[in-house]
Amino acid sequence: MTQHSEVLPVTGGDLVSDDWLQRYTAAIMPTYGVPQRVLVRGDGAYVWDADGRRYLDLLGGIATNALGHAHPTLVGAVTAQLSTLGHVSNFFASAPQVALAERLLQLLAAPAGSKVFFGNSGAEANEGAFKVARRTGRPTILALEGGFHGRTLGALALTHKPAYREPFEPLPGGVVHLPFGDLGALEAALVGDAGQHVAALVVEAVQGEGGVRPLPPGYLAAARRLTTAAGALLVVDEVQTGVGRTGAWFAHTRHGVVPDVVTLAKGLGGGVPIGAVVTLGERASTLLGAGQHGSTFGGNPVSAAAALATLHVIERDDLLRQATEVGAHLVRGVEGLGHPLVQGVRGEGLLLGIQLTRPVAAQVVVAALEAGVVMNAVAPEVVRLAPPLVLTHQQADEFLAVLPHALDVATAPTDGRDD
Ligand code: PLP
């Protein structure tokens, strides 16, 4: 392995946040709005900004930095792989790609004939699932109101939010959005003649971007029963919920179902870009044939090595248990504050939504950031926590100590804009 010590300079390395933000605004497309801070480094569950301030990171790159920042095992795996074989075309196989596919199939207890396709992101994983669904030859794809599946055109067609979709219409056709959690609507769409036109139903077990909303008990099991009866595929988008986020390897397993397709990204690479489409069983796994899908970076050995390292640490360090316990501690702690602005906490494991009694989530997030905690307002009245799975009880307590102040600041009478 070659040793490299040279560190390439970033022009203006001594600039502070304001300077970087000016340069950002001048050079980066404005799709994300103005960033809250400029981050320069991270360690475990903490990040530091360009002005040297430390923050407890309860967002983890939006459910992505599963192992926190700069985890030595992840850094070691990526460094070793990049120093050995950084990229190959898909005319060739690489060991990390194959080992990762096998590991995912094992973790999913995949039935015989199951297969994996690797891409680079969640949207791409859902594009792959969309193409699998199209290959059934049936025209309709069902998805849920409130669902989020990504910003590329196929994934956007599955996504519900009109503000995201409308500027880009016409989108790929055939997608019908059903009311969230409504079993009657699901039955009407899948039973009888209607069901014969349905290629797939695409759902998240817990809607992440939709406000951390778990599917009601029994919904996913009914979805499995109804899609099977109709000959349609059940696609579970585990991009946000997968890889330990909810305290289980995959959120759908809690519902006792085996989907036909599972899509993954975010936490899978622990912060290194990777996405995966897993087809479970022979039928779903034979729908995409040779030459019908591809990606230059799909199965990239460095990304695959990162994912293998992430899965390894989650298992070795019992992070599913930790996510479950620390998540429960957070729920108890937040609800136990008895703050009038907190209606309750929903979600599973370390994917939590603090539901507020008023639509002031953005103000709570700003106040928390000022106090040194990173969170996100996923809806006007919901603050999302999706911290690294390595978050400790003690770090959760740091947050619980800061939260009342952030809630107070957000409720303090100002100029009335928060109502
Ligand atoms: N699916 C779900 C459930 C997501 O939460 C997201 C991102 O938030 C996506 C898909 C899109 O993933 P990406 O941003 O990697 O394209």
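Note that the numbering runs from 1 along the sequence shown for the chain. Just so it is clear, the model here is predicted, and its values are computed rather than measured. Just follow the structure's listing: the first ligand is 1, and inside any ligand the first atom is 1.
Ring pair Tyr46/Trp48 is tilted by interplanar angle, where 30° to 60° counts as tilted.
We find that Arg37 and Glu370 are joined by a salt bridge, their nearest charged nitrogen and carboxylate oxygen being less than 4.0 Å apart. Lys161 and Glu209 are not joined by a salt bridge, as no carboxylate oxygen comes within less than 4.0 angstrom of a charged side-chain nitrogen.
The side chain to side chain donor-acceptor pair (under 3.5 Å) test applied to Asn126 returns Asp237, Thr263, not counting sequence neighbours. Considering only residues two or more places apart in sequence or on other chains, Phe117 meets the ring pair (Phe, Tyr, Trp, His ring centres under 6.0 Å) condition with His293.
Within the structure, salt bridge (Lys or Arg N to Asp or Glu O under 4.0 Å) pairs that include any residue of residues 268-296 do not occur (at least two apart or interchain).
Residues of the protein with a heavy atom under 4.0 Å from ligand 1 are Ser121, Gly122, Ala123, Asn126, Phe148, His149, Gly150, Glu204, Glu209, Asp237, Val239, Gln240, Lys266, listed by chain and number.
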